[in-house]
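Every chain is numbered from 1, with letters handed out A, B, ... down the list of sequences. Treat the numbers as computed from the prediction; the structure is a model and nothing was measured.
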Amino acid sequence: MKAYLKFLYRCFKRSFVGGWKYHLWLGFLFVIALVGLNAYCRQYVYGLGTTGMTDQVSWGVYIANFTFLVGVAASAVMLVIPVYIYKREELHHLVIFGELLAVAAIIMCLLFIVVDLGRPDQMHHMMLRFHFPVSILTWDVIALNGYLLLNLHIPGYLIYCAYNKRKPHKNFVIPFVFIAIAWAISIHTVTAFLYSGLGARPFWNSAVIAPRFLASAFAAGPALLIITLQMIRHFTHWRVERQALLTLRSIVTVAMFINMFLLGCEWFTEFYTDSTHVASAKYLYLGLDGKSALVPWIRTSFALNMIALMLLVLPISRRRLRVLNIACIMLFIGIWIEKGMGLIIPGFIPTPLGEIVEYTPTLNETLISLGIWACGILIYTILVRITVPVLSGRLTKDAESFDGGRLDFAKEEDLTAINYQ
Amino acid sequence: MNQNTKQNQESSSNTPASVGGCSGGSCGDKPTRRSFLRTSAVAAGGLAAAMAALKPLMELESEDRPTVEKFLQKHYKEMDGDEMQTALTRISKEVEKRFDQRPDIRDIKPMDGVEFVYALNLTRCIGCRKCVHACVAENNQSRSPEIQYIRVLEMPRGTTNVEKGNHHYDHPTVPSDDHYYMPVQCHQCANPPCVKVCPVEATWQEADGITVIDYDWCIGCRYCEAACPYWARRFNFTKPKLPKKDLNPKMSYLSNRPRPKGVVEKCTFCLHRTREGKMPACLEVCPTGARKFGNVLDPESEVSQILKNNRVFVLKEEVGTLPRFFYYFDERYPASDEAKADKTA
Ligand code: SF4
Ligand code: SF4
């Protein structure tokens with residue numbers, strides 16, 4: 001126990017060590033997170049009237065971001081599958097980074113839910129009268145928190161073993177990895193069921209929502225990982241293997257194809273049937289009764305996704321990683337629009353009584369959202385900051401080498417594959 | 001403030017090695033002392049910035065502050081008589097403090113053998129919206145922004161599709177030609193999706209069929225608002241504003257007591273009236289007699305007769321919510337038994 005606390009203390013200390021760029025980055029994120037906190041305090045005092053939400057559009061950017069981030073979190077395991085099922089060793093260390101990404105994403109998800117509540121001070125009622133299994137929201141609470149624990153356990157254990165220079169024990173990892181894979185699919189499915197279970201909202205009340213969630217998540221998540229790994233590669237000495245990025249690239253491509261296919265199915269069903277249920281889809285893609293706030297967004301998203309998909313398919317993104325980066329960034333933004341605002345807002349327009357009221361987030365709401373993103377990125381940065389020296393053997397139970405102010409991310413050859421007992 | 005922190009961060013990031021010939025440990029404890037100072041400066045700056053960020057909390061009104069009493073209050077269904085009395089006393093005190101008026105607040109239970117239904121005569125309704133305003137006055141809703149439980153749709157003839165309805169009609173006189181009017185409020189569904197989705201059971205269906213909300217239990221997630229097919233629920237996006245003179249002091253725990261900000265509310269069939277044998281406020285004010293209310297378990301009641309004899313429909317039957325709110329027309333079915341008897345004769 002004492003040893004473990006010491007480990008935590010050392011990790012804590014290590015998270016503040018770094019060059020000026022690192023400190024500037026941390027300071028920058030910290031400031032944005034504080035601005036977000038400030039905006040949240042304002043919201044807490046004056047109520048959700050500080051947001052653009054209304055009785056007509058009763059969920060907004062918070063729930064949109066939440067939905068998107070569940071996808072990011074779930075897709076971290078898309079790395080786990082090639083490693084543990086197909087034994088692709090080159091991805092071994094990346095799994096840890098993927099799982100840490102899931103941790104950061106889930107924390108952001110939880111924060112987005114909390115800021116959306118009208119009475120956060122009564123959140124403990126959740127524990128006193130948990131409406132399980134009737135309310136799907138309770139399923140989501142279990143799914144998200146369980147997934148957070150799983151993803152804290154796996155990399156946490158591996159890192160602690162590396163710190164103690166012990167070989168990790170198979171039984172403490174492999175079963176959890178497989179649970180995590182199933183769990184990841186379930187968090188996404190359950191989140192999709194939040195929406196697709198509502199008969200009042202024809203736009204969501206469709207069986208394709210869950211598969212589409214999975215497909216777009218498995219495109220956006222690995223795309224984010226590619227970008228992240230490229231950043232690590234750029235800002236540190238650590239060389240991420242090209243092969244790893246290319247494996248991710250094929251995952252993104254396949255997932256994106258499935259996503260586009262499902263989108264086509266949705267379009268066909270909505271527009272060919274052309275029943276009264278098509279109103280929300282019309283609002284989203286074409287505008288309804290002269291109201292069309294979302295149209296430019298969804299069109300941008302569609303364009304970004306198409307261009308990204310083209311770049312991904314062309315061999316140039318295999319040869320030139322810069323092209324791959326651009327494709328990933330486009331895709332990430334494209335799916336963020338589509339899965340966030342593009343999914344949540346049209347569900348409310350028109351209302352069940354046919355009223356068309358548009359929604360625009362306010363400044364305060366935007367600041368809170370940015371704050372949460374900054375907080376998540378801050379967490380991820382620190383987690384990576386701790387993980388790399390431990391995995392590369394620079395921070396162990398009997399060695400604590402600092403290298404001045406420089407980032408001491410390890411070189412590629414330092415990172416040996418994890419061997420199990 | 002924020003800029004200060006940034007500067008702290010920046011200036012602190014000069015590495016010891018870059019400052020002078022102090023590297024290599026030959027300078028004794030100097031780097032440690034400097035790093036200690038640096039750390040403290042950054043920590044102090046960070047803390048100060050965090051405190052500044054929390055500043056808006058100072059403006060929290062006293063009655064919105066979380067208290068131990070409110071924190072420990074149980075769910076409605078778990079409270080025994082004494083605990084309910086304590087809660088009512090607290091609420092009563094709060095109301096008195098805010099409105100300078102002692103309310104008559106009680107917890108009114110459903111009556112045995114009663115299931116309420118509402119029937120609304122579309123032939124008669126003229127769209128005057130008197131019910132909308134009577135409801136607001138009766139149920140202590142916020143006046144600014146005004147929260148209304150009843151929405152009257154102006155429908156073009158030839159359709160019952162609500163998407164064709166006009167919510168914001170504004171003529172000097174009603175009814176307007178070529179239109180009919182369809183008021184919508186909570187339908188007190190027998191299979192209510194709003195109850196199903198609530199993660200904390202803050203909303204449930206009572207024995208007499210009324211779906212209620214424990215305003216002290218709701219966490220304000222607005223999932224029920226998304227689930228309701230009749231757009232019957234309203235959320236308190238800000239603290240409800242109700243002028244002192246407009247308070248209706250006759251109130252009950254589950255219906256028209258003043259609500260805090262951040263919770264949902266909706267029509268309760270005026271349970272504080274109807275559970276004591278009175279009619280809902282919207283019915284009493286209706287100038288055309290388009291609204292009928294009563295106990296469906298009593299075959300002689302007016303509503304039972306309407307359901308039996310008049311042409312009745314429910315809104316959005318396909319969503320399967322089994323509303324207790326029926327629309328009907330003056331026209332009746334041919335009195336079936338006698339008609340048959342005539343034919344056979
Ligand atoms: S009308 Fe809406 S709020 Fe009322 S019981 Fe039905 S689902 Fe619930
Ligand atoms: S807003 Fe309140 S009543 Fe509605 S689902 Fe959430 S906790 Fe339940």
Where A/L34 and B/A49 come nearest, the two heavy atoms and their spacing: CD1-CB, 3.4 Å
Heavy-atom closest contact (B/A226 atom, A/A200 atom, distance): O-CB, 4.0 Å
Toward chain B, the part of A/F348 with a non-hydrogen atom under 4.5 Å: side chain
Which bit of A/T50 comes within less than 4.5 Å of chain B, counting heavy atoms only: side chain, backbone, both or neither? neither
Return yes if some donor-acceptor pair links the side-chain N/O of A/H131 with the main-chain N/O of B/C198 below 3.5 Å, else return no. yes
Answer yes or no: is there a donor N or O on one side and an acceptor on the other, between the side chain of B/H167 and the main chain of A/L353, under 3.5 Å? yes
Mind checking the [atom1]-[atom2] spacing from [X] to [Y]? Nearest 0.5 Å is all I need.
X      : Y      : atom1 : atom2 : value
B/C221 : A/Q122 : SG    : CD    : 12.0 Å
B/K196 : A/S135 : NZ    : OG    : 10.5 Å
A/Y44  : B/K261 : OH    : NZ    : 7.0 Å
B/N236 : A/R119 : CG    : CZ    : 10.0 Å
A/S58  : B/R234 : OG    : CZ    : 10.5 Å
A/T276 : B/N161 : OG1   : CG    : 5.5 Å

Looking only at heavy atoms and a cut-off of under 4.5 Å, which of [options] has the most pairs with chain B?
options                      : result
A/L194, A/L137, A/L37, A/V45 : A/V45
A/M127, A/M53, A/M126        : A/M53
A/G49, A/G197, A/P352        : A/P352
A/D116, A/V134, A/I356       : A/D116
A/F16, A/F132, A/W59         : A/W59
A/L198, A/L48, A/D55         : A/D55

Taking the side chain as C-beta and beyond, is there a heavy-atom pair between B/P199 and A/V141 under 4.5 Å? no
Side-chain touch A/Y46/B/K239, heavy atoms, less than 4.5 angstrom: no
Looking only at heavy atoms and a cut-off of under 4.5 Å, which of [options] has the most pairs with chain A?
options                       : answer
B/K316, B/E78, B/H75          : B/H75
B/L315, B/D64, B/N166, B/V184 : B/V184
B/F235, B/Y223, B/W217        : B/W217

Do the charged groups of A/R42 and B/E59 touch, with an N to O distance under 4.0 Å? no
Under a 4.0 Å threshold between the charged nitrogen and the carboxylate oxygen, would A/D121 count as salt-bridged to B/R65? no
Please check if any side-chain donor atom of B/H168 sits under 3.5 Å from a side-chain acceptor atom of A/E355, or the reverse. yes
